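Everything numeric here is computed off the predicted structure, so don't read it as measured data. Numbered from 1 within each chain, the chains take letters A, B, ... in sequence-line order.
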Amino acid sequence: MAINRQFRTCPDTGFKIHLPADKLIKWNAVTAVVFLLIGGIFGLAVALTRWPEVHLLDADLFYLALTAHGLDVLLVWIIFFEVAILYFASSVLLQCRLATPWLGWVAYILMLVGALITNVAVLRGDSSVMFTSYVPMKAAPDFYLGIILFAVGALLACFIFLGTLVIAKNEKTYEGSIPLVTFGALTAAIIAIFTIAAGAIILIPTLLWSVGYVGSIDTVMYKVVWWAMGHSSQQINVAAHISVWYALAAILFGAKPLSEKVSRTAFLLYILFLQIASAHHLLVEPGLSSEYKIFNTSYALYLAVLGSMIHGLTVPGAVEHAQRKKGLNKGMFEWLRKAPWGNPAFSGFALSVVMFGFLGGISGVMMGAEQLNIIIHNTLYVPGHFHGTVVVGTTLAFMALAYWLVPVLWQRELFLPGLAKWQPYLFGIGMGLASLFMMGAGTLGVPRRHWDISFADATLSHEFPAAAYLMMGMNGVAALIGGIGGAIFVLNMVGTLLLGKKKQPAPAKAEEETVAQGPIAVSGSAGAVSVPGTFTLALIFLVTFILYYFVNWNYLAGVWGLS
Amino acid sequence: MAEEEIKTGGGDAGEPIPFMQQVLDNPFLLLFLGITVPTVTYIIWGVMEVASIPVAQ
């Protein structure tokens with residue numbers, strides 16, 4: 001049958017890969033890396049401008065760069081890579097054909113054309129409205145049109161993913177439930193569909209307003225609906241990168257989840273409650289009730305936070321269990337000490353788990369409390385938080401996966417394996433520090449988007465404490481370190497594709513040794529296990545969480561004296 | 001103790017599938033829930049609150 005000729009068997013992993021899916025995964029992943037490079041350059045320009053001693057760009061160019069940075073990394077890099085993950089988690093992991101590959105190319109072209117149109121609109125200089133594009137700031141119509149085309153493409157990719165699940169079920173390419181990694185990707189796809197629908201609801205009228213067919217857009221209404229897209233798009237990332245964590249644990253260690261049921265329930269909590277975190281952007285809006293704000297950002301969201309804490313426990317727990325099974329049983333942490341820290345796929349994964357929890361996770365819960373939010377609302381703390389989630393959480397996890405996936409898909413050796421060992425540390429620690437310094441500066445009141453915190457040309461001046469200037473300078477240095485790490489990643493990926501040595505055909509492996517037969521591709525739990533190291537780490541996390549929460553309440557109490 | 005490897009999702013023929021497993025194994029039910037819950041609690045509730053703000057005279 002013709003369809004059977006469209007598969008190849010991966011010599012490294014044993015996966016039966018559908019060739020049209022293979023091509024689509026490659027093109028989406030490569031395009032993602034190109035936009036990471038473009039967005040990263042703009043990000044570095046933003047950080048160097050906010051470094052008071054450097055102050056690289058003038059005001060107009062700064063807002064242009066900030067807009068391009070937000071769009072290219074928060075949306076374009078991430079979503080292209082996520083589409084690659086959706087195709088991988090469905091067609092490759094379930095070892096079935098991809099549904100409607102031709103539609104996959106339509107989706108890819110729509111996303112690419114949309115991203116280019118919006119980038120051109122921004123680079124022209126008449127659409128520096130930043131990622132949020134709050135009305136009544138008006139961008140050129142093609143700015144909105146590009147985002148809408150991009151979103152339609154991404155929506156098609158989600159439907160292709162769902163179609164592939166149906167094919168796999170009908171053709172019985174798996175037994176029982178879909179694998180946990182595919183279930184996590186399904187969670188990401190569901191959040192993506194909600195996100196894109198919300199984007200259509202608000203961006204189509206905004207496009208018509210920009211053209212002149214609609215008289216005005218209510219600013220608060222815009223913010224409510226826009227954030228259902230703007231923040232939920234980052235929740236797609238969370239679901240996707242946690243799937244990547246489970247995938248890497250399975251690939252690198254053969255690790256099974258401690259309990260599939262618990263991990264799946266944690267993903268279900270995401271499906272139900274993660275998107276509503278969008279409301280934390282509205283916590284100071286006077287037109288919305290406290291009931292609405294507190295229900296969405298606290299009561300219900302905490303159920304999604306519970307989901308994250310479950311993943312934060314079960315992913316390292318699964319690794320510890322797998323390591324102990326291999327005999328690394330001495331003391332509490334031999335399993336961790338003897339982990340492959342020189343393998344960038346592992347070090348990126350490990351740093352992503354730790355920094356996502358400590359930087360992005362804790363700060364996100366703090367910001368979600370209505371009372372505490374007032375301390376940091378619209379300050380640089382907010383970008384500090386999301387650099388802790390999207391950059392050192394999602395981007396680092398995706399980089400770690402790329403170190404495994406790119407050599408496997410292209411059958412090439414890594415271009416610069418020596419540099420690759422250092423890259424996750426440079427990028428992770430650099431961007432982790434940038435996240436910390438931004439949060440520090442934000443706590444001192446530095447606004448999130450202002451070109452010049454010295455307010456040199458303002459009629460009414462404001463002097464921030466000297467520590468705020470120090471934080472901004474340190475943020476610039478940290479961003480430079482992270483930027484070098486990001487550049488090494490791009491160089492390594494592009495170099496691997498263009499100049500990497502072709503892999504020698506490996507000797508045939510017994511079926512049970514292949515990744516394709518391992519826990520990444522089947523459902524199943526590790527069963528009764530003992531993971532004392534992970535529980536100790538989890539307790540350290542909880543104590544940090546409680547202390548940080550207490551410190552912020554104490555700080556809030558000091559803002560307004562009661563006597 | 002030899003650690004037990006547990007497979008989920010299989011189940012013996014004729015054994016009733018637990019409710020939660022039925023929910024978790026149905027992508028379209030999950031899609032429905034994942035769209036409906038945030039649409040009601042975040043978008044519809046929020047839009048109704050904004051729409052009920054009195055217009056300045």
Heavy atoms only: give me the nearest Ile190(A)-Gly34(B) pair and the separation to one decimal.
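Looking at all heavy atoms of both residues, the closest pair is CG2-CA, 3.8 Å.
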
Looking only at heavy atoms, what is the nearest atom pair of Ser177(A) and Asp25(B), with distance?
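The answer is OG-OD1, 2.9 Å.
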
Can you tell which part of Ile35(B) gets under 4.5 Å to a heavy atom of chain A, answering side chain, backbone, both or neither?
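For Ile35(B), the contact with chain A is made by backbone and side chain together.
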
Measure distances from Thr36(B) to the heavy atoms of chain A and classify the residue's part below 4.5 Å as side chain, backbone, both or neither.
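No part of it gets close to chain A.
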
With rounding to the nearest 0.5 angstrom, report the [atom1] to [atom2] distance, [X] to [Y].
{"X": "Leu30(B)", "Y": "Leu186(A)", "atom1": "CG", "atom2": "CG", "result": "6.0 Å"}
{"X": "Leu24(B)", "Y": "Thr265(A)", "atom1": "CG", "atom2": "OG1", "result": "6.0 Å"}
{"X": "Phe32(B)", "Y": "Ile271(A)", "atom1": "CZ", "atom2": "CD1", "result": "13.5 Å"}

Between Val23(B), Thr41(B), Ile43(B), which residue shows the highest count of heavy-atom pairs closer than 4.5 Å to chain A?
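It is Thr41(B).
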
Partner chain A: residue of Leu33(B), Ile53(B), Thr39(B), Leu31(B) with the largest heavy-atom pair count (under 4.5 Å)
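Of the candidates given, the most pairs with chain A belong to Leu31(B).
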
What part of [X] is in contact with chain B, defined as an atom under 4.5 angstrom from a non-hydrogen atom: side chain, backbone, both or neither?
{"X": "Leu282(A)", "result": "side chain"}
{"X": "Ile193(A)", "result": "both"}
{"X": "Phe183(A)", "result": "side chain"}
{"X": "Glu291(A)", "result": "both"}

Report yes if some heavy atom in the side chain of Met20(B) is under 4.5 Å from a heavy atom in the side chain of Leu268(A); otherwise report no.
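Side-chain contact under 4.5 Å: yes.
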
Can you tell if the side chain of Val50(B) reaches within under 4.5 Å of the side chain of Leu288(A), non-hydrogen atoms only?
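SC-SC contact between Val50(B) and Leu288(A) confirmed.
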
Please answer whether the main-chain N or O of Tyr42(B) pairs with a side-chain N or O of Tyr292(A) as donor and acceptor at a distance below 3.5 Å.
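Flag set: sc Tyr292(A) to bb Tyr42(B) pair under 3.5 Å.
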
Checking Gln275(A) side chain against Val37(B) main chain: does a donor-acceptor pair fall under 3.5 Å?
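Absent.
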
